[in-house]
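Convention: sequence-line order gives letters A, B, ...; per-chain numbering from 1.
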There are 2 protein chains.
Amino acid sequence: MQMVTDACRADYNAARLAEFAERCHRDGLAVTPQRLAIIRALLASADHPRAEAVYNAVRREHPHISLATVHRTLETLCRIGEARKVTALHDSARYDGNTAPHHHVVCIGCRRIRDIEIPGVERLLDGRNELGEFRLIGCALEVHALCAQCQRRRNHRRQKIKGNN
Amino acid sequence: MQMVTDACRADYNAARLAEFAERCHRDGLAVTPQRLAIIRALLASADHPRAEAVYNAVRREHPHISLATVHRTLETLCRIGEARKVTALHDSARYDGNTAPHHHVVCIGCRRIRDIEIPGVERLLDGRNELGEFRLIGCALEVHALCAQCQRRRNHRRQKIKGNN
DNA sequence: TGCTACCTGAGAATTATTATCATTCATAAA
DNA sequence: TTTATGAATGATAATAATTCTCAGGTAGCA
Ligand SMILES: [Mn+2]
Ligand SMILES: [Mn+2]
Ligand SMILES: [Zn+2]
Ligand SMILES: [Zn+2]
């Protein structure tokens, strides 16, 4: 287990930026100055910013950009796989009365959550209680999945799209 | 790895409910009908409800309860360790331009997030792409920690509290 | 049986996010 | 290069989740 340093991201970021226009075209998206500025700001920051933080960064070059555009664009970037969210469960607080150690499987379609037990997860951190400047407390594994219902839904949608061709 | 069944929670819930009043007293909290109803509803549901869902459940017995009380109480339960949140990062969406596989360490004080690489996490799911009704897609490990700054802050606060005795 | 500090309900305020719509612009065809 | 067109943007309203405020209520204790 080790921290990912800023240094090793420089090349990665340059490569990602170089590919960006091509990827937008592949997905049928226009390469707008706003989108370029937002992906640049996102790649440049190692701190997993919120929309507001990206907005503040981008505004230095594009003082007229709208916060709504930043929200929209970040969602678009996630949809085409150029960005992701740190957790799939940010939309509202989910509470758990089970305080015993366990982990969760989350349906990325409908946000259904179920408990799972996974032996060995704690062991991943074992022996360490520090990492860089951080004092470690515990960990939670979020297993991403599709529930039966959302699997069906996606299949139906795919078939509809096929039919429209 | 296995799903946690409803059945094996029945005893656990009864035990937790029995201890509840004692634990409130220990923490200097009053045992109000609202708090009892909320912990009961939370323990009874295996689906990691949002505040709204707890509100709807509790309202059947306490039609006059306020949604604000539900929010407040769920937060209180987390503070005294009688409940927890599924993720510490629900308050606003956090975006990540790094699409390579990696995990995160999260400061539970200030929500600072850093990338970490942990070999072997994917292996926890290996061999399986189904679990119960869920089709597995991937996973994300959220390592909880305190950053240097928040460690200092907590120490200062503890000293202040000591001084007030 | 009171006292008192803590708790609750009601509703306002705040914050994050999404929706609406008129205007602008990136793209590709002519 | 010009033009046509559908997609993208900015401004702002709307919605949703959560927190705040404060007057009145009540649990816990003497
Ligand atoms: Mn759980
Ligand atoms: Mn990351
Ligand atoms: Zn689902
Ligand atoms: Zn911190």
Side-chain angles (χ1 to χ4, degrees), chain A residues 20-41 48-56 58-80 82-83 85-95 110-111, chain B residues 20-42 48-56 58-80 82-83 85-95 110-111 164:
Chain A
F20 183 69
E22 184 190 2
R23 295 224 189 186
C24 282
H25 287 137
R26 190 178 309 160
D27 286 287
L29 298 180
V31 181
T32 64
Q34 291 90 340
R35 283 182 178 156
L36 275 167
I38 288 166
I39 187 74
R40 254 194 285 117
H48 305 82
R50 332 171 186 254
E52 183 80 27
V54 173
Y55 176 57
N56 288 327
V58 167
R59 219 143 53 126
R60 291 200 289 268
E61 311 261 325
H62 292 262
H64 287 296
I65 198 169
S66 157
L67 177 57
T69 297
V70 175
H71 275 286
R72 255 185 322 231
T73 301
L74 288 168
E75 285 304 303
T76 302
L77 293 178
C78 289
R79 182 165 51 77
I80 67 172
E82 288 295 290
K85 293 183 186 175
V86 176
T87 177
L89 294 171
H90 65 90
D91 46 338
S92 57
R94 302 290 291 263
Y95 295 92
C110 64
R111 307 286 146 80
Chain B
F20 183 70
E22 183 189 2
R23 296 223 188 185
C24 283
H25 287 138
R26 191 179 307 160
D27 286 288
L29 299 180
V31 181
T32 64
Q34 292 90 339
R35 282 180 180 159
L36 275 167
I38 287 166
I39 186 76
R40 252 193 287 116
L42 185 59
H48 306 83
R50 335 172 184 252
E52 182 80 27
V54 174
Y55 176 58
N56 288 327
V58 168
R59 218 142 54 125
R60 292 200 288 266
E61 311 263 326
H62 291 262
H64 287 294
I65 198 168
S66 156
L67 178 56
T69 298
V70 175
H71 275 286
R72 254 185 322 230
T73 302
L74 288 168
E75 285 304 304
T76 303
L77 293 178
C78 289
R79 182 164 51 75
I80 67 173
E82 288 294 290
K85 294 185 186 172
V86 177
T87 177
L89 293 171
H90 65 91
D91 47 336
S92 57
R94 301 289 292 262
Y95 295 92
C110 66
R111 308 285 146 83
N164 286 347

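Taking 4.0 angstrom as the limit, A:His25 places a side-chain polar atom (N or O) nearer than this to OP1 or OP2 of C:dT27. For A:Ser66 and D:dT9, the shortest distance from a side-chain N or O to OP1 or OP2 is not below 4.0 Å. Phosphate contact (OP1/OP2 of C:dG9, side-chain N/O of B:Gln34, threshold under 4.0 Å): present. Put simply, A:Thr32 has no side-chain N or O that comes within less than 4.0 Å of OP1 or OP2 on D:dA8.
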List the atom pairs, donor and acceptor, that lie under 3.5 Å between side-chain atoms in residues 61-70 of chain B and the rest of the protein, sequence neighbours left out.
{"from": "B:Ser66", "atom 1": "OG", "to": "B:Ala68", "atom 2": "N", "distance (Å)": "3.1"}
{"from": "B:Thr69", "atom 1": "OG1", "to": "B:Arg72", "atom 2": "NH2", "distance (Å)": "3.0"}

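In this structure, the CZ atom of B:Arg26 is 22 Å from the P atom of D:dA27, given to the nearest Å. Atom CG in B:Asn56 sits about 15 Å away from atom C1' in D:dA16, given to the nearest Å. Summarising the geometry, the separation between CG on A:Leu36 and C1' on C:dC25 is reported as 14 Å, rounded to the nearest angstrom. When rounded to the nearest whole Å, the span between CG of A:Leu29 and P of C:dC25 equals 19 Å. As rounded to whole Å, 12 Å separates atom P of D:dA8 from atom CG of A:Leu77. When the C1' atom of C:dG11 is taken as reference, atom OH of B:Tyr55 falls 12 Å away, rounded to whole Å. Atom-to-atom, NE2 of A:His62 to C1' of D:dA8 comes out at 14 Å; the value is rounded to the nearest Å. Atom CD1 in A:Ile38 sits roughly 11 Å away from atom C1' in D:dA8 (whole-Å rounding).
Residues A:His48 and B:Arg94 come closest through the heavy atom pair O-NE, 2.5 Å. Residues A:Val54 and A:Pro49 come closest through the heavy atom pair CG2-CG, 3.6 Å.
Each of A:Glu52, A:Arg50, A:His90 was compared with B:Ser92 under the side chain to side chain donor-acceptor pair (under 3.5 Å) criterion, and only A:Arg50 meets it.
Nearest nucleotide to the A:Arg35 side chain, out of C:dC7, D:dG10, D:dA8: D:dA8. Nearest nucleotide to the A:Ala30 side chain, out of C:dA10, D:dT9, D:dA8: D:dA8.
With values rounded to the nearest 0.5 angstrom, A:Arg35 atom CZ is found 5.5 Å from A:Thr76 atom OG1. Atoms CD1 and CZ, from A:Ile80 and A:Phe20 in turn, are 5.5 Å apart once rounded to the nearest 0.5 Å.
With sequence neighbours excluded, no residue forms a salt bridge (Lys or Arg N to Asp or Glu O under 4.0 Å) with B:Asp27.
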Atom pairs, N/O to N/O, protein against nucleotides 15-20 of chain C, distance under 3.5 Å?
{"from": "C:dT17", "atom 1": "OP1", "to": "B:Ala93", "atom 2": "N", "distance (Å)": "2.7"}

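Counting non-hydrogen atoms under 4.0 angstrom, A:Pro33 reaches the backbone sugars and phosphates but no base.
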